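Here is the structure we will look at, set down as C-alpha cells.
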Amino acid sequence: MAAKKHNDPFWWTLFGAGGTLSAFLLPVHVALIGIAIPLGWLEAPGYESLRSLVEHPITRIYLFVLISLSLFHWAHRFRYTLYDGLMLKHLESYIMVFCYGGALAGTIITAILVITF
Amino acid sequence: MSNAPKISAGERVRYKPQIYMPQMSIFWWVKDRAYVFFIIRELTSLVVAAYVILMMIQINALSQGPEAWQALTDWFATPFSIGLHIVFLILLIFHTLTWFWVAPTAMVVRIGSKKVPGSILIAGNIAMWLIISLAIGWLIVSI
C-alpha cells in the first residue's frame with residue numbers, strides 16, 4: 001500500500017500533462033481530419049506533402065509526446081472511473097496493470113511508429 | 001458479556017463479521033445531474049485514448065504508402081466515420097472546457113503577491129486553445 005501511495009504523484013503528473021496536451025490539441029485534429037476534410041469543406045492535403053510533414057523531426061516528437069501522454073491521461077482517469085463508476089476497487093492491481101500497462105504498450109508502439117516512419 | 005456465546009476461531013471464520021455493506025447499483029450516478037456530468041467527464045478519457053489510437057493508425061497508414069492512406073481516407077468519408085468523429089469532437093470539447101474549468105483550482109497563478117482570478121485564467125486558456133487550433137489547422141491545410 002505504501003508503494004502505491006508513493007507512486008500516485010508520478011501517475012498524476014503524467015495524467016495532468018496528457019490532459020492539458022489533449023485538451024489543447026486533439027479537438028482541431030478531429031475537426032479537420034475527421035470532419036471538415038472528409039466532408040469537403042477544406043481541401044485534403046496531398047499524400048506526399050502530408051508524408052513529408054510527418055517525416056519532420058519536430059512532427060515526430062509532437063506526435064509521440066501527444067499520443068503517449070494522452071494514453072497516460074486515459075490510464076489514470078479510467079482507473080478511477082472503474083473504481084468509482086463500477087466500484088471495482090477490489091480489483092485494484094489488475095486495473096492498474098491494465099491501465100498503465102496499456103498506456104506503456106501504446107507508448108512503445110508509437111515510438112516504433114515514429115522512429116521507423 | 002458473561003452471557004455471550006463462546007465462538008471458536010473456526011466459527012469466526014465461517015460466520016463472517018456482520019459489517020453493513022449496502023449493495024450499490026453501478027448506475028448510482030444517473031439520478032443527479034451533477035453526477036451525470038461527472039461520469040461524462042470521466043468517460044472523455046476513453047475518447048482521448050480512442051482518438052490517439054486512431055492517430056497511430058493514421059501514422060501507420062501514411063508510412064505504408066499512398067494506397068493504404070487512400071483506403072483510410074475513403075473510410076473517413078463514410079457516414080459512420082463522420083458520425084463517430086462528431087461524437088468524438090463533442091466529447092473532446094467537453095474534456096477541453098472542463099479541463100480549463102478546474103485548472104485554476106489545480107494550479108494557482110500569482111503575479112507578485114496577487115492571485116490571478118480563475119476567470120482570467122480560463123479565458124486565457126480558451127484564447128490560447130483557439131490560437132493553437134488555428135495554427136495547427138493552417139499547417140495541415142496549407143502544406
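Within every chain, numbering begins at 1; the chains are lettered A, B, ... in the order of the sequence lines, protein sequences first and strands thereafter. Just so we're clear, the structure is a prediction, and the values are computed from it rather than from any experiment.
- Within a 6.0 Å sphere centred on CH2 of W101(B), other residues, nucleotides and ligands contribute 12 heavy atoms or fewer.
- Between M55(B) and T110(A), the closest side-chain pair of non-hydrogen atoms is not below 4.5 Å.
- Neither the backbone nor the side chain of H76(A) comes within contact range of chain B; no heavy atoms are under 4.5 Å apart.
- In this structure, W99(B) and F15(A) have perpendicular ring planes: the angle between them is above 60°, well past the 30° mark.
- The CG atom of N60(B) sits 10.0 Å away from atom CD1 of I109(A), with the distance rounded to the nearest 0.5 Å.
- Atom CD1 of I86(B) and atom CD1 of I35(A) lie 5.0 Å apart (nearest 0.5 Å).
- Aromatic rings of H73(A) and H95(B) (six-membered ring for Trp) have centroids within the 6.0 Å cut-off, being under it.
- Contact record, S70(A) with V52(B): CB-CG1, 3.6 Å, taken as the closest heavy-atom pair.
- The structure places OG of S52(A) at 9.5 Å from CG of L62(B), a figure rounded to the nearest 0.5 Å.
- Counting only heavy atoms from C-beta outward, the side chains of L42(A) and I140(B) never approach each other to under 4.5 Å.
- Taking non-hydrogen atoms and a 4.5 Å limit, the residue list of residues 65-83 of chain B in contact with chain A, ordered by number, reads G65(B), P66(B), W69(B), F76(B), A77(B), I82(B).
- Within the 4.5 angstrom heavy-atom criterion, atoms from both the backbone and the side chain of I33(A) approach chain B.
- L63(A) contributes atom CG, which lies 9.5 Å from atom CD of Q58(B) (distance to the nearest 0.5 angstrom).
- Using a 4.5 Å cut-off between heavy atoms, L32(A) contacts chain B through its side chain alone, with no backbone atom that close.
- The minimum heavy-atom distance between L113(A) and M56(B), with the atom names listed, is CD1-O, 3.6 Å.
- Of the two parts of F100(B), only the side chain, counted from C-beta on, holds a non-hydrogen atom closer than 4.5 Å to a non-hydrogen atom of chain A.
- Neither the backbone nor the side chain of S68(A) comes within contact range of chain B, judged by heavy atoms closer than 4.5 Å.
- In this structure, the portions of I143(B) lying under 4.5 Å from any heavy atom of chain A include both its backbone and its side chain.
- For the pair P27(A) and T96(B), the tightest heavy-atom approach, listed with the atom from each and the gap, is CG-OG1, 3.5 Å.
- Residues of residues 38-51 of chain B having a heavy atom under 4.5 Å from any heavy atom of chain A, listed by number: F38(B), I39(B), R41(B), E42(B), L43(B), T44(B), S45(B), L46(B), V48(B), A49(B), Y51(B).
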